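On a predicted model such as this, the values are computed, not experimentally measured, just so you know. In what follows, chains are A, B, ... by sequence order, proteins preceding strands, each numbered from 1.
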4 protein chains.
Amino acid sequence: MRSRTTPDTPRTGRPRSAEADEAILEATRAALVELGWSKLTMGDVATRAGVAKTTLYRRWANKNELVVDAVAVLFDQLELPDLGSLQADIEHVVLQFAGLLERPETKTALMAVVAESTRDAPLRERIRASIVDRQKRLVLDGRRRAQERGELPSEREPLTADAIDDLIFDVVAGAVVHRALVSAEPVDAQWVARLSALLVGGLGAVAALG
Amino acid sequence: MRSRTTPDTPRTGRPRSAEADEAILEATRAALVELGWSKLTMGDVATRAGVAKTTLYRRWANKNELVVDAVAVLFDQLELPDLGSLQADIEHVVLQFAGLLERPETKTALMAVVAESTRDAPLRERIRASIVDRQKRLVLDGRRRAQERGELPSEREPLTADAIDDLIFDVVAGAVVHRALVSAEPVDAQWVARLSALLVGGLGAVAALG
Amino acid sequence: MRSRTTPDTPRTGRPRSAEADEAILEATRAALVELGWSKLTMGDVATRAGVAKTTLYRRWANKNELVVDAVAVLFDQLELPDLGSLQADIEHVVLQFAGLLERPETKTALMAVVAESTRDAPLRERIRASIVDRQKRLVLDGRRRAQERGELPSEREPLTADAIDDLIFDVVAGAVVHRALVSAEPVDAQWVARLSALLVGGLGAVAALG
Amino acid sequence: MRSRTTPDTPRTGRPRSAEADEAILEATRAALVELGWSKLTMGDVATRAGVAKTTLYRRWANKNELVVDAVAVLFDQLELPDLGSLQADIEHVVLQFAGLLERPETKTALMAVVAESTRDAPLRERIRASIVDRQKRLVLDGRRRAQERGELPSEREPLTADAIDDLIFDVVAGAVVHRALVSAEPVDAQWVARLSALLVGGLGAVAALG
DNA sequence: AGTTAAGCGAGACGGTACGTCAAGTCTTCAG
DNA sequence: CTGAAGACTTGACGTACCGTCTCGCTTAACT
């Protein structure tokens, strides 16, 4: 996750302030909480961070890239402790993810930058690198553990395994986001239990397809 | 789906032009295709529709409400023909939905208005009424047919049935959106087959929870 | 003196506010007094005039054109009452002109726009039309009266007469401006008397050149 | 003409580069020619001179002081060769001065810095010291020679003589500048002949005032 | 048939934010 | 301490849209 343009030869001249970087990202998150994505302005973020607007633009090309970086770090807090069963592991991570999506800074920002990314390839790539791909580890870890426990068969072909991992990732992330943001209904224990049951119950059928 | 502010007393004076309405929505879709949501401007839509800006604002309060109405009608084209099995029905509707999300006007608009709706309750309500709730019919019809065919047990409690319908809706819609817009991977036949297998295979486990 | 772009067909649409025009010019003069030309900003003028910046730019292309219009009207106040002799007439108008140049709004603005006009042909033309050419009337009137009084011979050729009028204009205006702004010395009665004497005394020699 | 801040104790450390000084002034003149005063930037001058911005600011407080120094040296090129008569001497120097004002670097710079000086006393003083007062020598020399030739009486009081010198200076410089920059008409031989005739013819009348 | 109230196109209006640019200062490293 | 490099704060720039308003004109429904 390279958050800014890294100069190739930053030999001479006054170096960029490292404090400014963190102050800006923190100010961005604060502005997202108070104003939401669409009312967040670069000038306001600069003021909050105690920094000039030009300093923002020296580091990030536009609002969306800044917001992605500001929010990305939050997603790295997701963890997958070993709770003893696949179903429990899934429920835990889904609840964690739902908690993250309830935070106003993620709720307002995530969909907005994804929407923008449909027309902005560099942004799409940045989202993928900074957020999406980094969280696939959760699926990989969960599957590996389930195989070690014997809950899932382990002799599958690597290509198929990857495809199923991707499917699970899209289903879990998509379902939670849709529930939370589109349907605007709570992601409570009962809903999580049903989703987990669906996944655990259906995985066998998927694997059987080959 | 009330597409505009309906005046309470439309008694006297010149009536609103019905042609203008459709021209505006069509112009909005065209602008979405060419410019995307974030670069679409009200002035541009008005010009494309051959209409004054005033005329737009007399009918829609702002850009988001207009975009929701312009896009909503596209979602009504989704159908669920009886293909003989639950798995086939699901695969069919998922492919149709994916096709819809690949259209540039929906791709750019859907996530954007949902993002805005996280901070705008009336907009959230309009999205729900114009788009989301209207498509739940697909899940209801599919489930009813599967029960008629005997693929699913029919004696479930109504409340649980509703909850499972909602779950399926969020999983299907969420997964497809996430695959198409976030992961930015193609929703092809193989992926659809795996998703359908997961659902059909998992439904039993979910129903067993009661 | 066309103070703004006059649309050829201002048939439709909301008409421009006439009050805004005068408020802006008045605000410009006030800003010149307080801040001088180089620290005058378009935003500040707009604020003082209680008008949006866009309204300024809709009427004037840039700061210099605005300043020329704001100042031009002041030069129209110069008059040439008949005081009975050429020398007295000259002294009177020179003192009036010096008084005008002592006003802070003219002092700071006149040289600045002339400086800019060396690189901006449209501005040069506007200055000529709005300020310079309009004041040549003073020279014409003064000469005509002197001829009527018999102080100057009247049978000169028109072309030569024009050339001498121009010379007198440049000498009087140039000398006063140079004294006031470059030498920064007072234009007092004694200096004016000497300048007038120089002119009246020298005019015969110039006319003799043919 | 002290062109820069002279450090009182230039004892220790690396000495300032003398070459840099001339490179900067030359770069300033080049920038004036290409861009004019208002578009000349300190950063651009520094780049042209192959020097850091810091180096500029260590020597000149701001853009205007730099420009005055860059241009002042050009005015020192004016000379007053003895051509045998007052009229000829005046015509010669006026043509020289007009030639100087036609150069793009002086044309754009002179009026601009004078305009700025109306609100900036130190700048006014610098202009006076570097440019204005230095050229009064031309008037003094011309007058002295005319007296030696017997074209002008020599027994005048010193104070009156000074005042007349100043008047002539303002009239000549002012008239030429006004003709060249405000009226934007050529300073050709005929115009110069008329101006000279006016002066020579009028001087007697002025001297008669006492 | 005439009145009348709303619709309509046009475009000016007060705002807010944009992204850029230059001024002049500060910080680092190299000599 | 000088000097090059370049990051920094500040503040204005001129533009683009927003959503509102004010015109003069048009149009159908109700007298």
Side-chain angles (χ1 to χ4, degrees), chain A residues 7 9-17 20 38-44 46-47 50-59 61-63, chain B residues 7 9-17 20 38-47 49-63, chain C residues 7 9-17 19-20 38-44 46-47 49-59 61-63, chain D residues 7 9-17 20 38-47 49-63:
Chain A
T9 44
R11 219 64 50 82
T12 79
R14 176 174 171 175
R16 290 196 180 161
S17 157
S38 66
K39 295 201 175 136
L40 175 150
T41 71
M42 297 297 264
D44 180 55
T47 304
V51 141
K53 238 192 328 172
T54 37
T55 299
L56 256 76
Y57 282 108
R58 207 173 287 121
R59 290 164 157 84
N62 54 55
K63 174 167 147 174
Chain B
T9 46
R11 222 62 49 84
T12 91
R14 175 175 173 176
R16 290 192 182 161
S17 157
S38 66
K39 295 201 175 137
L40 174 150
T41 71
M42 297 298 263
D44 180 55
V45 169
T47 305
V51 138
K53 250 196 313 175
T54 336
T55 302
L56 258 75
Y57 282 107
R58 210 172 281 122
R59 290 162 157 85
W60 290 276
N62 54 54
K63 174 167 147 173
Chain C
T9 46
R11 219 65 50 85
T12 78
R14 175 173 173 175
R16 289 193 181 165
S17 158
E19 295 164 23
S38 66
K39 296 205 175 133
L40 175 151
T41 70
M42 298 296 265
D44 180 56
T47 304
V51 140
K53 237 191 331 170
T54 38
T55 300
L56 256 76
Y57 283 107
R58 209 173 283 121
R59 289 162 157 84
N62 54 55
K63 174 167 147 174
Chain D
T9 45
R11 223 64 50 83
T12 88
R14 176 171 168 178
R16 288 194 182 163
S17 156
S38 67
K39 294 200 177 139
L40 174 150
T41 71
M42 297 297 264
D44 180 54
V45 169
T47 304
V51 139
K53 255 198 305 177
T54 334
T55 303
L56 259 75
Y57 281 107
R58 211 172 278 126
R59 290 165 157 84
W60 290 277
N62 54 54
K63 175 167 148 173

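Rounded to an integer number of Å, the gap from C:R16 CZ to E:dG11 P is 11 Å. When rounded to the nearest whole Å, the span between CG of A:L56 and P of F:dT10 equals 14 Å.
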- Item | Under 4.0 Å protein heavy-atom contact, by nucleotide of nucleotides 19-24 of chain F - B base, S sugar-phosphate only | BBBB--

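Residue A:R59 places its side chain closer to F:dC8 than to any other of F:dC8, F:dT2, F:dA4. You'll find that the side chain of A:R58 is closest to F:dT9, out of E:dC13, F:dT9, E:dG7.
With sequence neighbours excluded, the residues forming a side chain to side chain donor-acceptor pair (under 3.5 Å) with B:S38 are A:E116, listed by chain and number. For B:A49, the side-chain contact (heavy atoms from CB on, under 4.5 Å) partners two or more places apart in sequence, or in a different chain, are B:A23, B:I24, B:A27, B:V51. By the side-chain contact (heavy atoms from CB on, under 4.5 Å) test, D:N62 pairs with D:N64, D:E65, sequence neighbours left out. Every residue was checked against the side-chain contact (heavy atoms from CB on, under 4.5 Å) condition with B:T47, not counting sequence neighbours, and none meets it. Applying the side-chain contact (heavy atoms from CB on, under 4.5 Å) test to C:A52 and every residue at least two apart in sequence or in another chain returns C:T54, C:T55.
Between A:M42 and A:L56, the shortest heavy-atom contact is O-CD2, 3.7 Å.
The side chain of A:T55 contributes an N or O atom lying less than 4.0 Å from OP1 or OP2 of F:dT9.
Nearer to the 5' terminus of DNA chain E, by closest-nucleotide assignment, is the contact made by C:S17 (compared with the other of A:T41 and C:S17). Nearest-nucleotide positions on DNA chain E for A:K39 and B:G50 put B:G50 closer to the 5' end. Each of D:A52 and B:G43 was matched to the nucleotide of DNA chain F holding its nearest heavy atom; the match closer to the 5' end belongs to D:A52.
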